[in-house]
A.B. asks: 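Please read through the structure below; I'll follow up with questions.
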Amino acid sequence: MMETTRAQRPKGAEVPGRRPEAAPGKLGVDGTALTKRVGLILPQTMPYSSWERLGKQIALITDSSTWWLGDWINYGERVYPDRYQRAVAGTSLNCQTLRNYAWVARRFPMNRRRDRLSFQHHAELASLPPEEQDEWLDLAERNRWSRNQLRRQLRNRSVGARVRPAETSVTLHIDQTREERWQQAAGESRRNLHDWMTMVLDQMADLLLLPERRASKLALPAGDGMIVLTPAVSDEAAPVAAGEVLVLSGGERPAS
């Protein structure tokens with residue numbers, strides 16, 4: 001019998017003893033490696049680039065399998081509600097793990113999954129509303145965050161949200177003359193009007209409301225110097241009530 005040569009072999013025919021390489025765009029491993037149920041057989045000599053590519057292929061298959069299992073569970077639960085649990089038990093996989101996969105898969109419809117990010121990236125965001133999920137996925141994809149980096153960013157944002165005080169808008173109606181004076185005072189202290197007003201009001205509130213501050217002096221910045229306010233006390237032993245008249249350190253009473 002005549003042996004078939006390379007030139008005579010039909011185009012696309014498989015070479016005996018060699019597994020074909022994975023088709024582009026499909027999941028598979030390099031044809032130089034042999035996959036078995038209990039292991040991976042590699043050639044004695046393998047270029048580093050081929051070995052590195054093989055690792056990426058295996059990682060991609062591993063990550064994709066979590067999506068596959070999640071979608072598989074959700075399909076069975078929907079189509080075979082009375083029989084899917086028996087099939088799940090036959091996989092020998094942990095039931096809680098499979099339920100977690102299914103939950104993440106339900107939280108991210110196919111058209112919102114990012115193939116440049118891992119299943120674990122999506123799992124970190126699964127509990128968020130869809131619009132926030134998409135925002136974080138955009139950030140993770142754009143900045144090429146690992147799963148751990150994404151987790152740290154989420155933790156930092158969460159801590160910041162907890163400690164940030166609630167803000168209330170206050171509308172203040174003042175005449176032009178008073179606004180000009182306040183603007184000038186803010187400029188003298190090298191602050192904008194909003195920051196200057198907030199600083200002055202906070203300091204006055206502390207002086208009037210905190211017992212330990214009622215007998216102390218209050219220093220307000222004025223240009224390169226300071227204006228020192230002290231509570232006006234007729235009797236040193238008497239406590240200063242909230243709203244007591246404040247006196248300038250030079251003894252001059254502020255104009256009413």
Side-chain angles (χ1 to χ4, degrees), residues 12 14 18-43 46 48-158:
E14 181 179 343
R18 180 180 176 185
R19 302 178 68 241
E21 294 189 8
K26 295 184 179 180
L27 295 179
V29 297
D30 194 298
T32 58
L34 178 62
T35 55
K36 302 190 64 159
R37 172 69 178 85
V38 292
L40 182 71
I41 301 176
L42 302 176
M46 189 177 193
Y48 174 82
S49 58
S50 298
W51 174 82
E52 182 183 33
R53 183 172 62 252
L54 178 62
K56 292 179 179 179
Q57 292 169 342
I58 296 172
L60 182 59
I61 292 173
T62 301
D63 186 68
S64 298
S65 68
T66 54
W67 286 118
W68 298 342
L69 286 168
D71 291 334
W72 176 73
I73 289 289
N74 290 329
Y75 180 90
E77 198 170 18
R78 184 176 66 254
V79 179
Y80 305 110
D82 56 338
R83 289 183 288 171
Y84 88 98
Q85 290 185 344
R86 184 173 59 190
V88 170
T91 64
S92 73
L93 295 173
N94 181 275
C95 290
Q96 184 58 53
T97 299
L98 290 175
R99 281 196 290 267
N100 292 341
Y101 292 165
W103 177 66
V104 176
R106 285 196 302 271
R107 296 289 295 166
F108 290 93
M110 194 79 68
N111 62 350
R112 292 184 50 242
R113 300 174 188 177
R114 310 295 178 89
D115 57 5
R116 294 184 179 181
L117 298 175
S118 71
F119 179 90
Q120 295 303 325
H121 281 89
H122 294 75
E124 293 290 336
L125 305 171
S127 62
L128 299 178
E131 60 275 9
E132 291 187 35
Q133 292 173 349
D134 291 336
E135 290 176 7
W136 282 103
L137 289 173
D138 288 341
L139 287 171
E141 198 168 20
R142 187 181 313 125
N143 295 290
R144 298 182 179 180
W145 288 338
S146 67
R147 188 277 304 271
N148 288 338
Q149 288 173 316
L150 173 60
R151 178 179 291 179
R152 283 195 295 270
Q153 293 292 332
L154 284 167
R155 187 182 299 117
N156 292 340
R157 181 69 61 89
S158 177

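When reading the values below, keep in mind they use all heavy atoms of this one structure, side chains included, and skip hydrogens, waters and symmetry mates. Count residues from 1 along the sequence.
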A.B. asks: With distance as the sole criterion, is a donor-acceptor pair present between the side chains of Gln149 and Arg152 under 3.5 Å?
C.D. replies: no
A.B. asks: Do you know the tightest heavy-atom contact between Ala126 and Val104?
C.D. replies: CB-CG2, 4.3 Å
A.B. asks: Any chance the rings of Tyr101 and Phe119 have centres within less than 6.0 Å?
C.D. replies: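 Close enough - the centres of the two rings lie under 6.0 Å apart.
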A.B. asks: Could you go step by step and tell me if Trp51 and Tyr48 meet the ring pair (Phe, Tyr, Trp, His ring centres under 6.0 Å) rule?
C.D. replies: CA-CA 5 Å; Trp51 174 82; Tyr48 174 82; 5.7 Å; yes
A.B. asks: Got Thr97 and Leu69 here, is their nearest side-chain heavy-atom distance under 4.5 Å?
C.D. replies: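 They are not in side-chain contact.
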A.B. asks: Take Asp134 and Arg112 through the test side-chain contact (heavy atoms from CB on, under 4.5 Å) and record every step on the way to the result.
C.D. replies: CA-CA 8 Å; Asp134 291 336; Arg112 292 184 50 242; 3.0 Å; yes
A.B. asks: Any idea which heavy atoms bring Gly70 and Ala105 closest together, and the distance?
C.D. replies: C-CB, 3.9 Å
A.B. asks: What is the distance from atom NZ of Lys56 to atom CG of Leu60, rounded to the nearest 0.5 Å?
C.D. replies: 11.0 Å
A.B. asks: Angle between ring planes, Trp136 versus Trp145, binned at 30° and 60°: parallel, tilted or perpendicular?
C.D. replies: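 It falls in the tilted class, 30° to 60°.
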A.B. asks: For the atom pair CG (Leu125) and CD (Glu135), what is the distance rounded to the nearest 0.5 Å?
C.D. replies: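 It comes to 11.0 Å.
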A.B. asks: Show, in sequence, the C-alpha distance, side-chain angles and deciding distance for Trp72 and Thr91, and conclude whether the side-chain contact (heavy atoms from CB on, under 4.5 Å) test is met.
C.D. replies: CA-CA 12 Å; Trp72 176 73; Thr91 64; 3.6 Å; yes
A.B. asks: Quick check for you: to the nearest 0.5 Å, what is the distance between His122 atom NE2 and Thr66 atom OG1?
C.D. replies: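 Reported value, rounded in 0.5 Å steps: 10.0 Å.
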A.B. asks: Provide the closest heavy-atom pair for Thr32 versus Pro43 in the form atom of the first, atom of the second, distance.
C.D. replies: O-CD, 3.3 Å
A.B. asks: Could you measure the distance from the NE2 atom of His121 to the CZ atom of Arg114? Nearest 0.5 Å is fine.
C.D. replies: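 The CZ atom of Arg114 is 11.5 Å from NE2 of His121, to the nearest 0.5 Å.
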A.B. asks: Between Arg113 and Asp71, does any side-chain N to carboxylate O distance fall below 4.0 Å?
C.D. replies: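 Salt bridge flag = yes for Asp71 with Arg113.
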A.B. asks: Start with the C-alpha distance between Leu40 and Leu34, add both sets of side-chain angles, then the distance that settles side-chain contact (heavy atoms from CB on, under 4.5 Å), and finish with yes or no.
C.D. replies: CA-CA 6 Å; Leu40 182 71; Leu34 178 62; over 6 Å; no
A.B. asks: Ignoring hydrogens and geometry, is there a side-chain-to-backbone donor-acceptor pair from Asp63 to Ser118 under 3.5 Å?
C.D. replies: no
A.B. asks: Working to the nearest 0.5 Å, report the span between CG of Leu128 and CG of Leu154.
C.D. replies: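 With rounding to 0.5 Å, CG (Leu128) is 6.5 Å from CG (Leu154).
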A.B. asks: When rounded to the nearest 0.5 angstrom, what distance separates CD in Gln120 from CG in Asn148?
C.D. replies: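 Here the rounded value is 10.0 Å.
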